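Here is the structure we will look at, set down as structure tokens.
Computed from a prediction, not measured in an experiment: that's the story for all the values here. Start at 1 with the first residue, then count along the sequence. As a basis for the values below, the full set of heavy atoms in this structure was taken, side chains included, without hydrogen atoms, waters or symmetry mates.
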Amino acid sequence: MRLKRVISAALAVSMAVSMMPATAVPAFAEGTSTNTAVTTTTVDENAPTSGDCGVEGHEEVKWAYDESTKVLTISGNGPMADYNGIKADTDVGTENDLRPWKPYLKQITEVHIEEGVTAIGNSAFRGMKALKKANIPASIRDLGDYIFRYDEVLEEVIWAEGFEAAETTDVDSNQNANQNVY
């Protein structure tokens with residue numbers, strides 16, 4: 001009789017726990033946060049914090065990440081490279097993601113592009129989960145596809161005064177073509 005009570009009690013506890021949302025149980029909630037503004041991740045201490053990001057022949061276009069301010073800076077003269085290996089949000093950060101700042105994707109809160117950079121590469125800033133702010137300088141002549149796609153907390157993009165964006169065409173998931181000017 002006592003065994004039946006113990007089994008009944010254990011069954012009742014397991015049923016109660018199974019009905020709780022996963023975030024209510026600390027063991028399941030590890031690594032989650034209700035604050036989407038800042039994401040903490042571990043980065044390989046040997047990961048570079050600067051390098052080239054220009055198209056072939058434009059190695060003077062550089063990137064630099066400041067770990068203390070969480071700002072990614074793009075500088076130099078010429079166009080950025082395209083990062084076409086990222087086809088979906090699930091590709092962000094994988095081996096298909098060839099962006100040199102990939103180790104910092106979940107930490108970067110601001111992108112600063114300096115005057116002189118003439119094009120933003122396809123998917124350059126796609127899927128940056130902490131990105132809140134970016135700028136587009138007047139020297140930009142070409143905006144790549146999906147540059148800010150899946151940037152869930154992006155609040156502000158500062159366009160240079162007098163910036164004239166080209167018309168863009170995007171095809172949505174229903175195969176409807178949309179023409180827009182940024």
Side-chain angles (χ1 to χ4, degrees), residues 33 35-44 47-56 58-161 163-173 178 180-182:
S33 171
N35 179 3
T36 58
V38 178
T39 303
T40 305
T41 58
T42 305
V43 175
D44 178 1
T49 56
S50 62
D52 299 336
C53 66
V55 297
E56 191 171 323
H58 285 277
E59 290 77 22
E60 68 275 9
V61 179
K62 307 280 186 193
W63 70 277
Y65 176 64
D66 184 325
E67 294 180 85
S68 65
T69 62
K70 304 203 180 310
V71 174
L72 173 67
T73 301
I74 309 295
S75 62
N77 293 301
M80 289 178 66
D82 288 328
Y83 300 99
N84 293 324
I86 311 166
K87 301 295 184 199
D89 188 35
T90 55
D91 289 338
V92 170
T94 67
E95 67 277 352
N96 296 332
D97 189 341
L98 302 178
R99 293 176 288 182
W101 48 85
K102 175 173 67 174
Y104 309 103
L105 290 178
K106 293 181 180 179
Q107 297 178 356
I108 297 168
T109 60
E110 183 177 344
V111 170
H112 177 73
I113 305 169
E114 294 183 354
E115 284 292 334
V117 177
T118 60
I120 299 174
N122 294 342
S123 298
F125 311 118
R126 182 179 189 152
M128 293 181 157
K129 301 300 183 192
L131 182 63
K132 288 183 171 186
K133 182 178 177 182
N135 75 300
I136 309 291
S139 59
I140 295 292
R141 296 290 165 244
D142 184 28
L143 296 169
D145 294 332
Y146 313 115
I147 57 177
F148 295 118
R149 189 168 221 158
Y150 303 119
D151 293 347
E152 298 166 357
V153 297
L154 182 62
E155 297 171 349
E156 181 178 23
V157 177
I158 301 169
W159 298 85
E161 190 173 320
F163 181 85
E164 293 185 32
E167 188 172 284
T168 61
T169 301
D170 190 13
V171 178
D172 67 16
S173 61
N178 301 304
N180 301 302
V181 175
Y182 272 93

_I120 side, atom CD1; R141 side, atom CZ - distance, nearest 0.5 Å_ = 12.0 Å
_Measuring from atom CG of L154 to atom CD of E110, what distance do you get when rounded to the nearest 0.5 angstrom?_
11.0 Å
*Would you list the pairs meeting ring pair (Phe, Tyr, Trp, His ring centres under 6.0 Å) in which at least one residue belongs to residues 69-95, sequence neighbours left out?*
Y83-W101
*Could you pull out all residues at least two apart from D66 that satisfy side chain to side chain donor-acceptor pair (under 3.5 Å)?*
S68
*Do Y104 and L72 touch side chain to side chain, with heavy atoms closer than 4.5 Å?*
no
*Residues in salt bridge (charged side-chain N to carboxylate O under 4.0 Å, His left out) with R126, at least two apart?*
none
*Taking all non-hydrogen atoms of both residues into account, name the closest pair between T109 and T69 and its distance.*
OG1-O, 3.9 Å
Taking distance alone, no hydrogens or angles, what donor-acceptor pairs closer than 3.5 Å link side-chain atoms of residues 133-140 to residues at least two apart or in another chain?
unit_1: N135; atom_1: OD1; unit_2: I113; atom_2: N; d: 2.7
unit_1: N135; atom_1: ND2; unit_2: I113; atom_2: O; d: 2.9
unit_1: S139; atom_1: OG; unit_2: E115; atom_2: OE1; d: 3.4
unit_1: S139; atom_1: OG; unit_2: G116; atom_2: N; d: 2.9
unit_1: S139; atom_1: OG; unit_2: V117; atom_2: O; d: 2.7

_Please enumerate all residues that pass side chain to side chain donor-acceptor pair (under 3.5 Å) together with E67, with sequence neighbours excluded._
none
*Among all residues two or more places apart in sequence or in another chain, which pass the side-chain contact (heavy atoms from CB on, under 4.5 Å) test with T118?*
P79
*asked:* Counting C-beta onward and ignoring hydrogens, is there a side-chain heavy-atom pair between I108 and F125 closer than 4.5 Å?
replied: no
_Minimum heavy-atom separation for K70 and Q107, please, with both atom names._
CD-O, 3.3 Å
_Point-to-point distance, once rounded to the nearest 0.5 Å, from CG of L98 to SG of C53_ = 13.5 Å
*asked:* Restricting to side chain to side chain donor-acceptor pair (under 3.5 Å), what partner residues turn up for N84, sequence neighbours left out?
replied: N122
*For E59, what residues pass the side-chain contact (heavy atoms from CB on, under 4.5 Å) criterion, not counting sequence neighbours?*
D52
*Could you pull out all residues at least two apart from D97 that satisfy salt bridge (charged side-chain N to carboxylate O under 4.0 Å, His left out)?*
R99
_Nearest-0.5 Å distance that lies between atom CG in D142 and atom CE in M80_ = 11.5 Å
*Working to the nearest 0.5 Å, report the span between OG of S50 and CH2 of W63.*
6.0 Å
*Is a salt bridge present between E152 and K129, judged by a nitrogen-to-oxygen distance below 4.0 Å?*
yes
*Which residues pass the ring pair (Phe, Tyr, Trp, His ring centres under 6.0 Å) test with Y150, sequence neighbours left out?*
none
*Which heavy atom in M128 sits nearest to a heavy atom in D151, and how many Å separate them?*
N-OD1, 2.8 Å
*Sequence-distant partners of H58, side chain to side chain donor-acceptor pair (under 3.5 Å), two or more places apart*: E60
*Evaluate whether atom CD of E156 has more than 12 neighbouring non-hydrogen atoms of other residues, nucleotides or ligands under 6.0 angstrom away.*
yes
